[in-house]
Each structure stands twice: as C-alpha cells, then as structure tokens.
Amino acid sequence: MTAKIQYEDIDLYHYTSLASLFAILQNETIRLTDYRFLNDTQELSYATHWLKALLQPMAENEFVQKLLTAIENIEQGKVERLKGIGEDLPYLQWNMCDLNYYILSLSQNYDDLAMWRMYAKDGCSIKFDSQKLNEFLYSLRDDNLKNGFINLIKGPVSYNAGQDMDTVIKLWLVLHNEQMIYDDVLQYCLRIKSPDFSFEHEYRFGIPFEDQYLGEKATKEFTLVGNTIRPQLELKKFPVADVIEEITISPFVTSELTKIGLQELLKSKNMSPDIVKQSSIKIR
C-alpha cells in the first residue's frame, strides 16, 4: 500500500468576489489566472530582471549562459522539458514547449482589512484545507506526468529578492543541475514579488500549462474584469466539500440575506452552513 503524502498544514485564504465563490460552489470548479493578468504588473519580470543583472557579469561561465538562456525563454513562455514520445509514450525526449503560467493566489492573512480593501471589499475569503488542496492539484500533475507536466509551482511568496538572490544563484552554481534549470528558474521567479505587495503574505500555486492538457479535467476560460478579458484555467471536479473549511464574509457586506443565501447554497451541496462567518472587523 502506498503511504499517503502529508503536505504542510498551513492556513490558506482565498480573497475573492461573491460571484466567484458562487461559481466555485455551484459548478465545483476552481480557476487559476494567467500570471500576466494578475494585479502586479511586474509578475515574473521583477525576478528575471534581478537575476539577469546578477548573472550577466558571469556570462562567460557556460552554466551561467545556460541560466540566462533559460530566463530569456521563460520570459517568452517557453520551457524545455522531458516529454514522452512513441506509442504509449515509452521514451523520453527533451522538447521546447510553449506554456502559459496560471496562478492561484492565496493569503496567509485571516480577516485582514488591507486584503478586504484590495481584493474582496464586496466579497469573501475562503479558507482551504491545505492537505486536500494539495492532493487535488497534484492529482492533475500526476495524470499528465507522461506528457511532460513539470512540478507544480507552490509556496510562500518572497518580497526580499535583493537579499536572497545571491544565495540562490550560488546554490544553482554549486549544484550545476542542467536538467532542472528551467524548473528551478520558473519555481523561483514566480514566487518573487516587489516589497510593495508584502502586506498580502501570499502563498501561491502555479501550473505551467500546455493546451494539450485541456480536456475533461481542465478547460481554458475567460472572464471580463472592467475592460480587460482575463484568460483563466478552470479545473473541474473540485471537491468543494472536502477542500473548503470556512467562508468569511467581508466586513463591507452587511446584509444578513448574503449569509442566509450562502448557507442555503451550502446545504444544497451537503455542506455545513455553520462554516459561514461574518468578519470580526467593525467598520462603516
């Protein structure tokens, strides 16, 4: 019997609109957003800019040159990785793949006024069971390993790139792991943000995704936000009853009917209505 993997037990909150919560519950799906359409206009580029500036003086080093090439390709949505070939994909071969990077942004802050104002003033925060969320996302990866699905990008976001980047580069140079260059760079760069966003205490999951994975379990969808159409990756059969532990309604939403309606929806999904809370923040 294969032992069950135990993931880090961590409180994770998704600040979102009530419309998004309704879609998650009603459709039993979860959406990740194309990184280019997140609120931080320096997503990915903030980290790659720092990396290139530190690596360029060492460009004569062959491994450093490979790192710089990988960074340039990743900025263009291209990642080199092993993929199966042949009948039933029995052999592996390196391929340069065109990818989109989709992100699920969470916070480690509970009932946080700055997060309410920025992301869910008229919405809610959803507390996820970190074990069940990991199991769901890794199952998607495992189903596509033979197609070249690289590791999930996950972990807390760092807002101190200038302080820890030298250490990271030194580690890469010591390990000299050419086969993991793209994975290492992508994992690192998509978990670095400007200190301007440090109030978020973000924890994120990211999926580098190719269109070939689209099917019964994942579809490419679009949502209109203001005057911008955002590409999103919608994951199907999201086990809402297992993953959602608690729902907190924004302090700016004061109608009792919001809570009552949400509780009725939960009951229709065989979920406890008691998981719905009102923010403890008192504000008018």
Side-chain angles (χ1 to χ4, degrees), residues 4-33 39 103-140 152 154-157 199-205 207 217-218 221 223 225 232-284:
K4 181 179 179 180
I5 298 174
Q6 291 297 319
Y7 298 99
E8 181 181 12
D9 184 14
I10 182 171
D11 291 340
L12 298 173
Y13 302 94
H14 183 43
Y15 286 80
T16 190
S17 68
L18 288 169
S20 293
L21 170 64
F22 177 76
I24 291 169
L25 291 171
Q26 188 76 347
N27 303 324
E28 298 185 11
T29 58
I30 188 77
R31 288 189 177 189
L32 289 73
T33 299
N39 286 352
I103 302 294
L104 175 62
S105 295
L106 308 172
S107 174
Q108 297 181 66
N109 291 348
Y110 173 66
D111 200 10
D112 184 86
L113 185 57
M115 291 296 293
W116 288 125
R117 289 185 183 278
M118 186 74 175
Y119 296 109
K121 187 171 183 179
D122 297 318
C124 64
S125 75
I126 309 168
K127 182 182 180 184
F128 289 136
D129 181 311
S130 57
Q131 176 69 26
K132 297 297 185 181
L133 182 60
N134 272 285
E135 289 175 359
F136 173 74
L137 292 173
Y138 274 106
S139 70
L140 178 70
L152 292 176
K154 74 165 190 173
V157 169
F199 71 92
E200 297 174 339
H201 293 282
E202 184 179 352
Y203 190 103
R204 61 173 39 176
F205 290 87
I207 299 180
K217 292 189 176 182
E221 305 292 344
T223 186
V225 180
Q232 295 183 316
L233 180 67
E234 183 172 276
L235 306 181
K236 312 294 186 180
K237 298 180 180 179
F238 186 59
V240 292
D242 294 331
V243 180
I244 296 178
E245 288 190 329
E246 185 176 284
I247 300 169
T248 303
I249 298 172
S250 166
F252 296 95
V253 177
T254 57
S255 172
E256 185 65 19
L257 290 178
T258 300
K259 181 177 181 179
I260 293 172
L262 177 53
Q263 288 176 321
E264 290 298 319
L265 176 57
L266 290 172
K267 285 189 285 186
S268 75
K269 297 290 182 180
N270 296 317
M271 297 171 67
S272 171
D274 297 332
I275 67 172
V276 181
K277 313 293 182 185
Q278 184 68 43
S279 167
S280 62
I281 298 173
K282 306 302 179 184
I283 193 169
R284 64 166 54 94

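Position 1 is the first residue of the sequence; numbering continues from there.
Contact of the Leu25 side chain with the Leu266 side chain is registered, since non-hydrogen atoms from C-beta on lie closer than 4.5 Å. Between Phe128 and Ile30, the closest side-chain pair of non-hydrogen atoms falls below 4.5 Å. Inter-residue side-chain proximity for Ser279 and Phe252 is flagged as unmet; no heavy-atom pair is nearer than 4.5 Å. Using a 4.5 Å cut-off on side-chain heavy atoms (C-beta onward), Gln6 and Gln131 make contact. Within the 4.5 Å cutoff, the side chain of Leu235 has heavy atoms near those of the Leu137 side chain. Leu265 places a side-chain heavy atom less than 4.5 Å from the side chain of Gln26. Side-chain contact between Ile10 and Tyr203: present, with at least one pair of heavy atoms (C-beta onward) separated by less than 4.5 Å. A heavy-atom distance below 4.5 Å is found between the side chains of Leu18 and Cys124.
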Checklist line | side-chain contact (heavy atoms from CB on, under 4.5 Å) evaluation trace for Lys154 with Asn134 | finding: CA-CA 10 Å; Lys154 74 165 190 173; Asn134 272 285; 2.8 Å; yes
Next item on the list: Under the side-chain contact (heavy atoms from CB on, under 4.5 Å) rule, what do Leu32 and Leu104 come out as? Steps first, then yes or no, please.
Entry: CA-CA 5 Å; Leu32 289 73; Leu104 175 62; 3.8 Å; yes
Next item on the list: Decide side-chain contact (heavy atoms from CB on, under 4.5 Å) for Tyr13 and Asn109; before the verdict, give the C-alpha distance in whole Å, the side-chain angles of both, and the deciding distance to 0.1 Å.
Entry: CA-CA 7 Å; Tyr13 302 94; Asn109 291 348; 6.0 Å; no
Next item on the list: Let me see the working for Tyr15 and Ser250 under side-chain contact (heavy atoms from CB on, under 4.5 Å), right down to the final yes or no.
Entry: CA-CA 9 Å; Tyr15 286 80; Ser250 166; over 6 Å; no
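Using cut-offs of 30° and 60° on the angle between ring planes, the pair Tyr7 and Tyr138 is parallel. Below 30°, between 30° and 60°, or above 60°: for Tyr119 and Phe199 the angle between ring planes is below 30°, a parallel geometry.
The two residues Ile249 and Trp116 make their nearest non-hydrogen contact at C-CH2, 4.0 Å. Closest of all the heavy-atom pairs between Glu246 and Thr248 is OE2-OG1, 3.6 Å. Here the closest heavy-atom approach between residue Ala218 and residue Lys236 is recorded as N-CG, 4.1 Å. The minimum heavy-atom distance linking Arg204 with Ser105 is given by the pair NH2-OG, 4.1 Å.
For the atom pair CE of Met115 and CD of Gln108, the computed distance is 11.0 Å after rounding to the nearest 0.5 Å. Atom OG1 of Thr29 sits about 10.0 Å away from atom CD of Gln232, to the nearest 0.5 Å. In this structure, CD in Glu200 is found 10.0 Å from CG in Asp112, a value given to the nearest 0.5 Å. Remark: Ile24 CD1 to Arg31 CZ distance equals 10.0 Å, nearest 0.5 Å. To the nearest 0.5 Å, atom NZ of residue Lys237 and atom CG of residue Leu140 are 12.5 Å apart. For the atom pair Ile275 CD1 and Gln263 CD, the distance stands at 9.5 Å (nearest 0.5 Å).
Summarising the local packing, NZ of Lys269 is surrounded by more than 12 heavy atoms from other residues, nucleotides or ligands at distances under 6.0 Å.
Ion pair Glu135/Lys4 flagged as a salt bridge, since at least one NZ, NE, NH1 or NH2 atom sits closer than 4.0 Å to an Asp/Glu carboxylate oxygen.
Without hydrogens or angle criteria, Asp11 side chain to Tyr110 main chain gives no donor-acceptor distance under 3.5 Å. Using a distance-only test at 3.5 Å, with no hydrogens or angles considered, a donor-acceptor pair links the side chain of Gln278 to the main chain of Val253.
With His14 as the fixed residue, the side-chain contact (heavy atoms from CB on, under 4.5 Å) test singles out one of Leu21, Ile247, Ile244, Leu106: Leu106.
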